[in-house]
Every structure is written in structure tokens, then in C-alpha cells.
Number of protein chains: 2
Amino acid sequence: MSMGNNYELYKVFYWAAKTGSLTQAAKTLYLTQPSVSHAIKQLEENFGVALFYRNSKGVELTPEGSVLYSYIEQSQILISLAEEKMAALKNLDSGELRIGGSDSLFKHYVLPYLEQFHERHPGVKLHLNHGTTPEVITFLKEGRIDLGVVRMPIVDPQLQVTESFQLQDCFVAGARYAALKHEVLSLEALLQYPIILFSRNSRARMTIAELFQSYGYSIKPEIEVGSVDLLIEFARRGLGISYVTREFVSKELEEGSLFEVKLEVPLPPSHVGLLTMRNMPLSSAAHAFIGLVK
Amino acid sequence: MSMGNNYELYKVFYWAAKTGSLTQAAKTLYLTQPSVSHAIKQLEENFGVALFYRNSKGVELTPEGSVLYSYIEQSQILISLAEEKMAALKNLDSGELRIGGSDSLFKHYVLPYLEQFHERHPGVKLHLNHGTTPEVITFLKEGRIDLGVVRMPIVDPQLQVTESFQLQDCFVAGARYAALKHEVLSLEALLQYPIILFSRNSRARMTIAELFQSYGYSIKPEIEVGSVDLLIEFARRGLGISYVTREFVSKELEEGSLFEVKLEVPLPPSHVGLLTMRNMPLSSAAHAFIGLVK
DNA sequence: GTTACCCATAGACATGGTCTATATCTCCTG
DNA sequence: CAGGAGATATAGACCATGTCTATGGGTAAC
């Protein structure tokens with residue numbers, strides 16, 4: 001025999017012992033007194049040992065009952081703690097949110113949401129893992145992050161993609177090229193100026209290269225950089241015309257340290273997407289964060 | 001909401017997490033796989049949080065599931081230990097037996113049974129509390145002992161009395177009174193000799209006093225002592241004729257250092273009884289001991 | 001004596017846990 | 001690429017068992 005007590009009985013036993021009264025235990029558990037009486041009787045019969053002395057004031061543990069209680073009390077406390085913890089996780093009073101993405105997206109796009117999220121749920125620990133788009137996808141599949149933030153398009157049957165925000169890339173220049181401020185350039189005309197692009201393997205770089213190619217031109221940057229900050233800084237210092245995401249330079253455009261170089265040809269918008277694993281449950285924190293962003 | 005999960009679900013969760021497979025958990029718990037699947041689903045719905053990732057090989061804990069598991073694992077281990085302990089108590093591999101009684105009864109009557117009990121159940125700890133009959137009854141009512149061993153008769157509606165053994169009190173003397181060895185004395189004749197009795201408040205003393213009184217005599221001891229050993233020793237040294245329980249001096253009678261002084265009048269037998277609380281459950285150990293004695 | 005508060009018992013009822021049967025998915029294999 | 005093995009999910013029927021109401025008995029206190 002495997003001593004197969006229904007664990008529910010231990011909950012009843014715990015409260016009966018704790019309150020010293022079957023009636024009180026019944027009230028605590030929203031049961032009737034006979035139900036509790038019956039439950040205790042079952043335990044006693046299964047163990048073949050009396051657990052309580054019954055008297056007119058209530059019940060009292062037998063020595064054997066005390067032995068059982070010393071174990072069960074700890075066990076029940078742990079379960080209570082577990083339930084509290086799970087409630088905290090669900091209410092986002094605790095837990096963690098692990099996001100993967102590129103540094104620039106974090107800085108210019110995710111950060112305000114993270115601030116908002118952290119303010120609203122200060123108990124949730126935040127983990128940011130930066131990496132390239134393929135790295136982020138790997139992180140996701142390995143379960144190291146809950147959520148990826150990357151440029152679209154992404155085609156992967158394992159991934160759930162939520163397009164969340166549209167970004168508009170554009171060319172910007174600093175004071176040195178102020179003459180262009182009110183002009184509208186053709187692609188050919190633009191190519192006369194030194195161009196600063198993001199490094200070769202970025203999605204933005206590929207997108208703009210394809211665009212020029214579709215019009216029969218080839219864009220060859222004078223300078224290649226590896227960070228959005230440098231794209232901006234180089235343009236401000238007049239080293240060339242940078243291809244950047246307009247939303248990432250809104251401050252510079254406002255204060256006038258940069259201006260947008262308008263083109264005859266419309267530049268394609270790009271989208272930011274939130275990646276999660278398809279068919280994998282989302283944590284409460286990730287779910288809440290996605291809701292926040294949308 | 002009071003997060004009222006059926007604790008039985010945690011047992012299922014524990015095994016599902018431990019084995020990493022709902023199917024395995026089902027086999028362990030003698031359930032079917034759909035039952036386990038259903039149980040886990042209930043937990044997940046109640047918590048509002050996914051506990052497992054499902055994949056083709058089985059299941060794997062989510063971060064939230066891991067948090068739950070860290071608590072539930074401990075809890076389940078405690079319950080298992082509790083069940084093992086209770087089984088041990090029932091099988092008398094552990095536990096304790098607390099007996100109250102007089103020193104002389106322990107030494108001459110209870111001891112052989114205790115030896116036998118201890119040999120059969122070496123895991124059960126023995127506690128002997130000696131005291132007078134009224135003290136033993138108090139111990140019982142206070143729950144400090146499981147069992148009392150005292151002289152009969154006892155009349156107390158709260159107590160369950162099991163008469164277990166008959167003892168025969170008698171008068172014994174040593175070599176100094178060897179002349180009496182083959183005589184049969186009347187009560188009156190006996191009173192010519194110095195008598196040694198147990199102290200005034202003992203049951204044996206009251207019994208013999210009543211006997212003499214019923215025949216119109218009054219027995220006044222030359223010496224009063226407080227232990228059976230002294231009764232025996234004084235008789236051996238010829239200080240008088242002792243009134244003792246025959247079974248307690250069987251060794252001395254055999255070796256001839258004492259002999260029984262026969263009387264015309266039959267002396268009443270006395271009985272030893274096992275006392276337990278009526279309407280109070282017996283521990284397994286006490287139950288087994290009573291069975292041994294009977 | 002009487003009241004009030006315990007726990008135990010009996011029996012009816014209904015909830016819900018468990019089962020069987022089946023679907024779906026993934027991985028592996030021939 | 002088809003098919004099998006093995007995993008979990010779902011649907012629906014069933015009945016075990018946990019829960020209730022009603023009642024009884026015992027004890028302590030007033």
C-alpha cells in the first residue's frame with residue numbers, strides 16, 4: 001500500500017490542529033463541521049492511528065497527531081507561500097521580464113516603455129540582452145529571453161510576430177550642408193555627397209541598398225559605422241549625410257543641429273516587431289509589456 | 001479569492017515536474033494521462049500563469065513553474081516523510097510507550113513484559129513514571145502516560161480497567177522464626193509476633209487491615225516500610241513477619257531464605273489492573289503492550 | 001435543570017475527478 | 001515522403017466521493 005491519502009485531507013488536518021476545533025476548521029475552510037469530522041476520521045483510519053483526543057471543548061492532538069502535525073505544518077506553510085508567490089507573479093509584484101534587441105532600439109524605442117513598465121511594476125526584475133536580430137531569435141528559441149524587439153520583416157514559423165511601431169528612415173545632414181535644407185534631391189544627386197551608413201549586416205543598410213538598386217543605382221558609403229549614435233554624431237560634424245531612423249534623431253531635428261535631406265523618391269517605412277515564441281506560453285510580465293507597447 | 005487550489009493538484013504537479021512528462025506522472029500516480037493533463041490545466045488556470053512548456057518529448061517547467069516547484073517540492077517531501085513516519089508509528093518501528101505504576105509492580109511484574117516488548121519493537125522509546133495509585137491516575141488524566149499499572153480495585157468512570165493478573169499476598173518470615181515453618185497459625189496467634197507492613201497509604205496495607213478488622217482484630221505493625229525490598233530484607237533478617245506479595249518473593253521462598261507463614265484464614269487475592277482512559281484513543285504502542293500482557 | 005457548544009453518525013445529493021476515445025502535433029525512421 | 005511512435009489536448013460520459021442537512025449524544029457552565 002502506498003499510503004495514498006488525498007492531500008486535501010492534510011489541509012483539513014492542519015486547520016483542525018491549528019485551531020483545536022473541528023468547528024473552527026470548518027469555518028476557516030468554508031466547510032461544514034461534519035465534513036471536517038469525516039475528513040479527520042478518514043486520515044485516522046488510513047493511518048490506523050488516532051490523531052486527536054475529542055473533548056467537550058474541541059479537539060487536541062494525540063502524541064501521534066503531534067508528530068504528523070510537525071511535518072504537515074511545514075508543508076502547508078510552504079504551500080501557502082507558494083500560492084502567495086504565484087499570486088505575486090500574476091499581479092506582477094514579482095517575477096522578471098527578459099527582453100532581447102539591439103542597443104539602438106532599446107535606447108530610442110524600448111526605453112520609455114521599460115520606464116513606464118518599471119514604474120507600474122517595480123517588483124519585476126528587468127533583463128536586457130542586446131544582440132543582432134539573428135542572435136535575438138536564437139535567445140528566444142533557447143528560452144533565454146521572453147521577448148525580442150527587432151526590425152521587420154521576420155519570417156520564421158516558430159515565431160509569433162507583432163508589428164508594433166512604424167519607423168521612417170531618412171537622410172539627415174548637419175550645418176555644413178545647410179544649402180540642401182530646402183532642396184528636394186534625386187537619388188542621383190544624393191550620391192554626389194558623402195554618405196554615412198550603418199554597418200553592412202544591418203537591416204536598414206540592406207533596405208536602402210535594395211532601394212537604390214531598384215532604381216538602377218548603387219549606394220556606396222563614404223563611412224560605415226556600427227552605432228546609431230555615431231551616425232548622428234558624424235552627420236552633425238558635417239562628415240556626410242547619414243541614413244538614420246527619423247524618430248531616433250527627433251531631438252536633433254527639433255533643435256536644428258540636423259535637418260532632413262528630402263528626396264524625390266519616397267523611402268520605405270520600416271517596422272519594429274515584437275517577437276515571441278509561437279506555441280509557447282507568455283509570462284505575465286511579457287504579456288503585460290506587450291499590452292503596454294500596443 | 002482565496003486561491004483555493006485543491007492540494008491534490010500539487011501532487012500531480014510535483015510528479016509532472018519531477019518526471020518531466022505528464023504520461024510518466026500519470027503512471028506514477030496510477031492515473032491516466034488526460035487526468036494529469038486536466039489537473040495541470042486547472043492549476044494553470046487558477047494561477048493564471050503557464051507552468052509548463054509542452055513539447056514533443058514531454059513537458060518542461062516555465063520560469064513561473066520553476067518558482068512554484070521550488071516550494072511544492074519541499075512541501076511534498078515533507079508530506080512523504082510524514083506518511084513514512086506515521087507508518088513507522090503504526091508498525092511500532094518508532095513512537096513511545098509511557099507507563100505509570102509503582103516501583104514494585106514495575107520491578108516484579110511489568111519488567112518481563114517490557115523486556116519482551118522492547119525486544120520486539122526496539123524503535124519504541126519506553127518511559128516509566130513511578131508513583132502511587134492516585135498519582136498514576138492523575139498522570140493518566142493529564143495525558144502524561146498512556147497506561148497505568150496498579151492494584152485493583154479501581155472505580156473511576158473515566159478509566160478503562162483491564163484486570164490482567166492475580167497476585168497472592170501472604171506473610172513470610174526468615175530463619176529466626178523457623179519454628180513456624182510447619183505450623184498453621186490463627187490470626188490471633190500471628191499477632192503475637194512482630195509484624196512488618198507496607199506504609200499506611202498502600203492498598204495492600206488497607207486490605208489486610210480490613211481483613212483483621214472483619215474478624216474483630218486490629219493489626220498494628222511493629223515496623224512500617226516504604227518499599228517492597230525493605231519488607232523482604234527485614235523479614236530475612238528476622239526483624240518480624242512481613243506481609244508481602246508471594247510472587248515478589250518467589251526467589252527467596254525457593255532458596256529458603258524466607259518461608260511462608262500459613263494461616264487458618266484464607267487471605268484474599270489481589271489483582272493487578274491495566275488502566276487506560278475510557279473514551280480516549282490508545283496509541284499503537286499502548287495497544288500492542290496491552291495485547292502482550294493479556 | 002437547562003442551555004449552549006462541542007463532535008459523531010446517517011443518508012441523500014451533486015460536484016467534479018477520472019475514464020475512454022479521439023485528435024493533433026513532432027520527431028524519427030525506413 | 002509516408003507512416004509509426006509517442007507526446008499532450010480535447011470531448012463527453014460516468015460514478016465515486018466529498019459535501020450537505022438532519023439528528024443524536026456528551027460535557028461544561030450557568
Side-chain angles (χ1 to χ4, degrees), chain A residues 2 4-46 50-62 65 141 143 156-160 277-281, chain B residues 2 4-46 50-62 65 141 143 156-160 277-281:
Chain A
S2 67
N5 273 322
N6 186 317
Y7 284 12
E8 197 69 2
L9 297 178
Y10 293 126
K11 179 158 60 182
V12 179
F13 169 76
Y14 172 67
W15 284 103
K18 190 183 171 88
T19 62
S21 157
L22 303 196
T23 304
Q24 282 308 309
K27 284 179 184 164
T28 306
L29 296 167
Y30 301 103
L31 293 174
T32 59
Q33 171 267 316
S35 295
V36 173
S37 184
H38 184 226
I40 299 300
K41 192 178 182 183
Q42 272 188 76
L43 274 181
E44 292 184 321
E45 284 178 357
N46 291 344
L51 299 173
F52 290 103
Y53 299 122
R54 277 76 164 171
N55 56 49
S56 63
K57 289 176 186 169
V59 294
E60 198 178 345
L61 286 168
T62 62
K141 292 184 178 174
D156 190 315
Q158 286 188 64
L159 300 182
Q160 172 74 255
M277 291 298 286
R278 190 187 298 278
N279 298 332
M280 283 281 209
Chain B
S2 67
N5 272 324
N6 186 315
Y7 283 13
E8 198 69 1
L9 297 179
Y10 293 127
K11 179 158 58 181
V12 180
F13 169 76
Y14 171 68
W15 284 102
K18 191 181 170 87
T19 62
S21 156
L22 303 195
T23 304
Q24 281 310 308
K27 285 179 184 164
T28 306
L29 296 166
Y30 302 102
L31 293 175
T32 59
Q33 171 267 316
S35 295
V36 173
S37 184
H38 185 226
I40 299 300
K41 192 177 181 183
Q42 273 187 75
L43 273 180
E44 291 184 320
E45 284 176 358
N46 293 345
L51 298 173
F52 290 103
Y53 298 122
R54 277 76 164 171
N55 56 50
S56 63
K57 290 175 185 167
V59 296
E60 197 179 346
L61 286 167
T62 62
K141 292 185 179 175
D156 189 315
Q158 286 187 64
L159 299 181
Q160 172 75 255
M277 291 297 286
R278 190 187 297 279
N279 298 330
M280 284 280 208

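Below, read A as the first sequence line, B as the second, and so on, with proteins coming before strands; counting in each chain starts at 1.
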Asks: Sugar-phosphate means primed atoms, P, OP1 and OP2; the rest is base. With that split, encode nucleotides 21-29 of chain C 5' to 3' as B, S or - using protein heavy atoms under 4.0 Å.
Replies: B----SS--
Asks: Could you check how far CD of Gln42(B) sits from P of dG16(C), rounded to whole Å?
Replies: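 So the CD-P distance, Gln42(B) to dG16(C), works out to 9 Å.
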Asks: Can you tell me the distance, in whole Å, between the NZ atom of Lys27(A) and the P atom of dC7(C)?
Replies: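 Taking NZ of Lys27(A) and P of dC7(C), I get 10 Å after rounding.
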Asks: Return the residues of residues 14-25 of chain A meeting this criterion: a heavy atom under 4.0 Å from some atom of DNA chain C. Order them by number, or give none.
Replies: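 Here the set is Ser21(A), Leu22(A), Thr23(A).
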Asks: Can you list every side chain to side chain donor-acceptor pair (under 3.5 Å) pair that touches residues 12-22 of chain A, not counting sequence neighbours?
Replies: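 Residue pairs passing side chain to side chain donor-acceptor pair (under 3.5 Å), neighbours aside: Tyr14(A)-Lys18(A).
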Asks: For residues Val59(B) and Ala16(B), report the shortest heavy-atom separation together with the two atoms involved.
Replies: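 It is CG2-O, 4.1 Å.
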Asks: Round to a whole Å and report the spacing from NE2 of His38(A) to P of dG11(C).
Replies: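 One finds 13 Å between P of dG11(C) and NE2 of His38(A), rounded.
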Asks: Check every nucleotide of DNA chain D for an atom under 4.0 Å from a heavy-atom of chain A, then give the first and the last such nucleotide from 5' to 3'.
Replies: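 Going 5' to 3' along DNA chain D, contacts run dG18(D) to dA28(D).
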Asks: Measure across Phe52(A) and Pro281(B) and return the closest heavy-atom pair with its distance rounded to 0.1 Å.
Replies: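 The answer is O-CG, 3.8 Å.
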Asks: Rounded to the nearest Å, what distance is computed from the CZ atom of residue Phe13(B) to the P atom of nucleotide dG17(C)?
Replies: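 For the pair Phe13(B) CZ and dG17(C) P, the rounded distance is 18 Å.
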Asks: Between dC6(C) and Arg54(A), is there an OP1 or OP2 to side-chain N/O distance shorter than 4.0 Å?
Replies: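 So the side-chain polar atoms of Arg54(A) never come under 4.0 Å of the phosphate oxygens OP1 or OP2 of dC6(C).
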Asks: For a quick test of reading the model: is some side-chain N or O of Ser35(B) closer than 4.0 Å to OP1 or OP2 of dG17(C)?
Replies: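 For dG17(C), neither OP1 nor OP2 has a side-chain N or O of Ser35(B) closer than 4.0 Å.
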Asks: So, Tyr7(A) versus Tyr10(A), ring centres under 6.0 angstrom or not?
Replies: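 Between Tyr7(A) and Tyr10(A), the centre distance is under 6.0 Å.
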Asks: Throw together a table of side-chain donor-acceptor distances under 3.5 angstrom for residues 32-39 of chain A, partners on residues two or more places apart or in other chains.
Replies:
unit_1   : atom_1 : unit_2   : atom_2 : d
Thr32(A) : OG1    : Ser35(A) : OG     : 3.1

Asks: What are the two closest non-hydrogen atoms of Val12(A) and Leu29(A), and how far apart are they?
Replies: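 Nearest pair, atom of Val12(A) first, then Leu29(A): CA-CD1, 3.8 Å.
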Asks: Taking all atoms of both residues into account, what is the closest heavy-atom pair of Phe13(A) and Ile40(A), and its distance?
Replies: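 Shortest heavy-atom separation between Phe13(A) and Ile40(A) comes out as CA-CD1, 3.8 Å.
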Asks: Under the rule for side chain to side chain donor-acceptor pair (under 3.5 Å), what residues qualify as partners of Lys27(B), not counting sequence neighbours?
Replies: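 Testing Lys27(B) for side chain to side chain donor-acceptor pair (under 3.5 Å), a comparison that skips the adjacent residues, returns none.
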Asks: Does Lys41(A) make a side-chain N or O approach to OP1 or OP2 of dC7(C) shorter than 4.0 Å?
Replies: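 No, outside the criterion.
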Asks: Checking Lys41(B) against Glu44(B) for the salt bridge (charged side-chain N to carboxylate O under 4.0 Å, His left out) test, could you report, in this order, the C-alpha distance in whole Å, the side-chain angles of both residues, the deciding distance, and whether it holds?
Replies: CA-CA 5 Å; Lys41(B) 192 177 181 183; Glu44(B) 291 184 320; over 6 Å; no
Asks: Given atom CD of Glu8(A) and atom P of dT15(C), what is their separation to the nearest angstrom?
Replies: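 Result: 17 Å.
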